[in-house]
Amino acid sequence: MSANREPIGHLYAKEVYPQVNSVKAKSIEDLKTVGLKLTLDEVKELKGLLENAIEQSDKWDTLDVTGYRNTNQVTVTYYPPVSKR
């Protein structure tokens, strides 16, 4: 993780797609979207992370939600703006 990026937390999704090894996956240049397939429990976990982020909203201007296709990990992080460091 970058030295300036601050974690809110992470969860593991049922699926982050398209998978890297998928025949249907386009090249990264052509890939316009990625999807998260979440169970109800995973949605509740993501909701908790986002509520935590809202509680810390005085520390950030934008939030990153990142899905990793190789591990199905979803992270919620932020970079504190210079004015808030």
Side-chain angles (χ1 to χ4, degrees):
M1 186 175 296
S2 168
N4 294 332
R5 187 173 6 171
E6 297 292 332
I8 296 292
H10 73 274
L11 64 109
Y12 289 94
K14 179 178 178 95
E15 187 175 349
V16 177
Y17 58 90
Q19 294 295 313
V20 173
N21 58 358
S22 169
V23 175
K24 296 178 183 177
K26 296 180 179 181
S27 70
I28 196 71
E29 295 82 18
D30 296 331
L31 191 61
K32 297 197 184 339
T33 64
V34 295
L36 304 175
K37 185 178 287 189
L38 304 170
T39 65
L40 178 58
D41 287 340
E42 292 163 351
V43 169
K44 290 176 181 179
E45 198 171 347
L46 180 57
K47 178 183 179 235
L49 292 176
L50 294 175
E51 287 172 343
N52 188 359
I54 290 169
E55 290 173 8
Q56 298 182 48
S57 63
D58 60 325
K59 299 178 183 176
W60 54 268
D61 290 331
T62 60
L63 198 64
D64 294 335
V65 178
T66 308
Y68 296 90
R69 294 183 288 157
N70 290 332
T71 63
N72 289 350
Q73 184 178 16
V74 178
T75 64
V76 179
T77 59
Y78 65 90
Y79 290 93
V82 174
S83 63
K84 294 187 180 184
R85 287 187 189 157

Exercise. State, to 0.1 Å, how close Val16 and Gly67 come at their nearest heavy-atom pair, and which atoms those are.
Key: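 Heavy-atom minimum between the residues: CG1-C, 3.9 Å.
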Quiz item: So which heavy atom on Pro81 is nearest to which on Lys59, and how close?
Solution: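 Here Pro81 and Lys59 meet closest at CD-O, 3.6 Å.
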Exercise. Can you measure from CG (Asn72) to CD (Glu42) and round to the nearest 0.5 angstrom?
Key: 8.5 Å
Practice problem: Identify whether Trp60 and Val74 are in the same connected component of the hydrophobic contact network (ILVMFWY, side-chain heavy atoms under 4.5 Å). | Solution: yes
Quiz item: What about Val43 and Leu36, same hydrophobic cluster or not, with Ile/Leu/Val/Met/Phe/Trp/Tyr joined at side-chain heavy-atom distances under 4.5 Å?
Solution: yes
Self-check item: Residue pairs fulfilling side-chain hydrogen bond (donor to acceptor under 3.5 Å, both in side chains) with at least one residue in residues 43-54, sequence neighbours excluded
Solution: Lys47-Glu51, Asn52-Gln56
Exercise. Please identify each residue that fulfils side-chain contact (heavy atoms from CB on, under 4.5 Å) with Leu46, with sequence neighbours left out.
Key: Leu11, Leu38, Leu50, Val76
Quiz item: Just one of Ile8, Asp64, Thr62 clears the side chain to side chain contact (heavy atoms under 4.5 Å, CB included) bar with Tyr78, so which one?
Solution: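 The option that passes is Ile8.
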Quiz item: Can you name the residues that form a ring pair (Phe, Tyr, Trp, His ring centres under 6.0 Å) with Tyr12, not counting sequence neighbours?
Solution: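 Counting only residues at least two positions away or on another chain, Tyr12 forms a ring pair (Phe, Tyr, Trp, His ring centres under 6.0 Å) with His10.
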